[in-house]
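Reviewing the structure listed below.
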Amino acid sequence: MIDYQQYLSKTAIELEPSGIRKFFDLAASMEGVISLGVGEPDFITPWNIREHAIDALQDGFTSYTANAGLLELRQEISRYLTRRFHVDYKPENQVIVTVGASQSLDLAFRAILNPGDEVLIVEPAFVSYTALVTMAGGVPIQIATKAENGFKVTPEQIEEAITERTKAILLCSPNNPTGTALSKGELTEIARVVEKHDLLVVSDEIYAELTYDQDFTSFASIPGMYERTILINGFSKGFAMTGWRLGFLAAPKEMISLMVKIYQYTTMCAPHMLQRGALEALRNSSDHVEKMRQNYWRRRNFTVQSLNKIGLNCHTPGGAFYVFPSIQRTGLTSEAFAQELLEQEKVAVVPGSAFGSSGEGYIRCSYATSIEQLQEAMTRIGRFIDNFNN
Amino acid sequence: MKLTTEELQILAILEENHQVTNELIAMQLNMTEETVQKHIKKLEREKIIVSYPTLIDWNKIEGKETVEAMIDVKVTPQRGVGFDEVAKRIYRYPEVESLYLMSGTYDLSVTIAGKTMKEIALFVSKKLATVEGVISTTTHFILKKYKHDGVIIEGDDDKDRRMVVSP
């Protein structure tokens with residue numbers, strides 16, 4: 001018998017397993033589950049986009065593309081970023097098409113981190129941030145946000161967390177799992193700290209298209225921040241294209257050239273035919289995107305009101321498709337709450353603790369599901385809480 | 001007529017499902033039920049909301065199977081009233097499901113529902129063809145409905161293929 005432990009990577013062994021994974025196995029084994037645990041749109045990719053990918057495959061676009069992606073697509077991305085978010089990037093040397101925004105994050109950290117460099121991560125946060133920083137040799141430093149601040153990070157909190165090893169801050173607005181969106185003013189305050197301490201910002205803007213009560217502001221558009229920002233976005237959420245695995249990254253060209261170097265050794269390029277489909281997403285799909293956004297907005301309003309009525313208090317999130325209610329009145333841990341809710345009422349939610357220790361006492365409910373399903377889920381959660389009170 | 005964003009949102013909800021309660025609409029749009037009711041009443045009064053029909057697949061019901069045909073009708077327009085008088089004569093038959101004035105090689109498009117092909121054939125020859133002003137008819141029987149009024153009748157395009165839990 002081989003003792004594999006001695007052959008395997010210590011870094012990989014020591015990575016925390018995703019808290020979502022554990023829960024997935026349980027939920028997947030049950031029938032009749034209504035899931036509010038899904039971190040992706042319930043819409044299928046609009047047909048015109050699918051059709052373009054089919055055409056590309058039919059026309060034989062099966063070769064590699066340039067490492068950074070089709071120039072045509074990078075040009076389209078560049079125009080999109082200017083049109084939607086007022087930031088200008090040169091398609092030739094400032095944009096990379098990646099395999100999902102996840103890979104953009106990976107490239108960003110690999111390109112900027114030296115061993116021991118610290119990255120500030122605003123929590124609750126997307127499950128992979130901490131692991132990605134660790135795998136790139138960096139040290140993740142968590143900043144816990146609070147419900148009473150609407151899960152917004154304050155400049156003071158950032159100041160407190162900064163050491164001489166701090167290299168960058170990772171921001172995600174609108175946020176997964178809290179749905180919190182930062183305003184232009186709030187981003188500007190953060191930018192002052194960034195400038196003062198000479199830091200970089202990795203800005204995960206994957207939910208940019210799903211912003212509701214105010215216009216989305218890209219961190220790169222804040223004065224002075226363009227040079228310091230690695231902007232990450234993609235097609236998954238706004239265009240309902242999660243399974244395509246297409247993201248993109250825009251940054252100063254000095255960083256991009258390094259990232260392209262890493263990318264060519266690890267991945268080569270994103271799938272050619274899917275990149276062709278993505279052209280159609282940027283060219284002719286803004287009506288679809290807007291329609292989906294309005295749909296999420298309506299469901300958000302319903303979900304927030306329903307949860308507050310039930311007595312699971314939550315703030316009104318400004319973006320994404322998550323609400324993050326408190327379950328503290330039940331006295332249960334968020335994992336126990338999620339498990340009991342699943343077993344008793346067959347509603348799947350994700351325990352807040354899966355997104356970092358500051359998520360303890362909360363659950364993530366995704367409203368990327370039909371209004372009928374949401375209604376039924378709220379009835380079930382209401383019953384669960386009533387039974388709990390008695 | 002120009003509508004407010006709220007009214008357009010209400011229409012978007014009702015277009016998908018007119019059975020939703022005012023309470024559910026109100027919750028989705030952050031307004032009171034009274035406001036929703038007021039908006040809907042106005043939309044009905046202005047005939048922007050024309051009617052609330054239900055899409056029924058009769059062919060699934062034994063003994064209720066129906067045959068439908070689309071008939072291209074050429075018409076001589078009448079002085080002063082154009083096609084409207086002929087159209088009126090045609091749409092008053094209860095067998096007529098829909099009636100449109102068309103551009104192109106014919107004038108009126110008539111959809112007829114009946115129990116059998118024979119019933120439809122009889123309607124066309126006995127009633128439709130004899131309406132004053134009708135010059136000719138071409139009958140096309142509908143063999144299968146894939147999509148009707150924006151709704152896909154069969155198929156699993158709506159199926160949720162996502163994993164139960166994902167990050």
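Chain identifiers are assigned alphabetically (A, B, ...) following the order of the sequence lines, protein sequences preceding nucleic acid strands; residue numbering begins at 1 within each chain. Note that the coordinates shown come from a computational prediction; the quantities given were computed from them, not determined experimentally.
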Q) Do you know the tightest heavy-atom contact between A/Phe24 and B/Val165? A)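 Taking A/Phe24 first and B/Val165 second, the nearest heavy atoms are CD1-O, 3.3 Å.
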
Q: Write down the atom of A/Ala28, the atom of B/Val164, and the distance for their closest heavy-atom approach.
A: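 Distance-wise, the nearest heavy atoms are CA-CG2, 3.9 Å.
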
**Q.** Whether over 12 other heavy atoms sit under 6.0 Å from A/Met30 CE
**A.**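 Atom CE in A/Met30 is packed in, count exceeds 12.
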
Q. Does atom CE of B/Met70 have more than 12 heavy-atom neighbours from other groups under 6.0 Å away?
A.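 No.
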
Quick one: what part of [X] sits under 4.5 Å from any heavy atom of chain B, side chain, backbone, both or neither?
X	value
A/Val38	both
A/Leu36	neither
A/Ala368	both

Q.
Shorter than 4.5 Å, heavy atoms on both sides: which option in A/Ala348, A/Gly243, A/Pro177, A/Gly37 has the most such pairs with chain B?
A.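 Most heavy-atom pairs under 4.5 Å with chain B: A/Gly37.
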
Q: State which residue, out of B/Ile13, B/Val20, B/Leu24, fulfils the side chain to side chain contact (heavy atoms under 4.5 Å, CB included) condition with A/Ile371.
A: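 Of all the options given, the one that passes is B/Leu24.
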
Any idea which donor-acceptor pairs are under 3.5 Å between chain A and chain B?
residue  : atom : partner  : partner atom : Å
A/Ser35  : OG   : B/Val164 : O            : 2.3
A/Gly37  : O    : B/Ser166 : N            : 3.1
A/Gly39  : N    : B/Ser166 : O            : 3.3
A/Gly39  : N    : B/Ser166 : OG           : 2.9
A/Glu40  : O    : B/Arg162 : NH1          : 2.8
A/Pro41  : O    : B/Arg162 : NH1          : 3.4
A/Asn176 : ND2  : B/Pro167 : O            : 2.8
A/Gln294 : OE1  : B/Gln9   : NE2          : 2.9
A/Arg298 : NH1  : B/Gln9   : OE1          : 2.7
A/Asn301 : OD1  : B/Asn30  : ND2          : 3.3
A/Asn301 : ND2  : B/Gln28  : O            : 2.8
A/Gln305 : NE2  : B/Met27  : O            : 2.8
A/Gln305 : NE2  : B/Asn30  : OD1          : 2.8
A/Arg364 : NH1  : B/Pro167 : O            : 2.9
A/Arg364 : NH2  : B/Ser166 : O            : 2.9
A/Ala368 : O    : B/Arg162 : NH1          : 2.9
A/Ala368 : O    : B/Arg162 : NH2          : 3.1

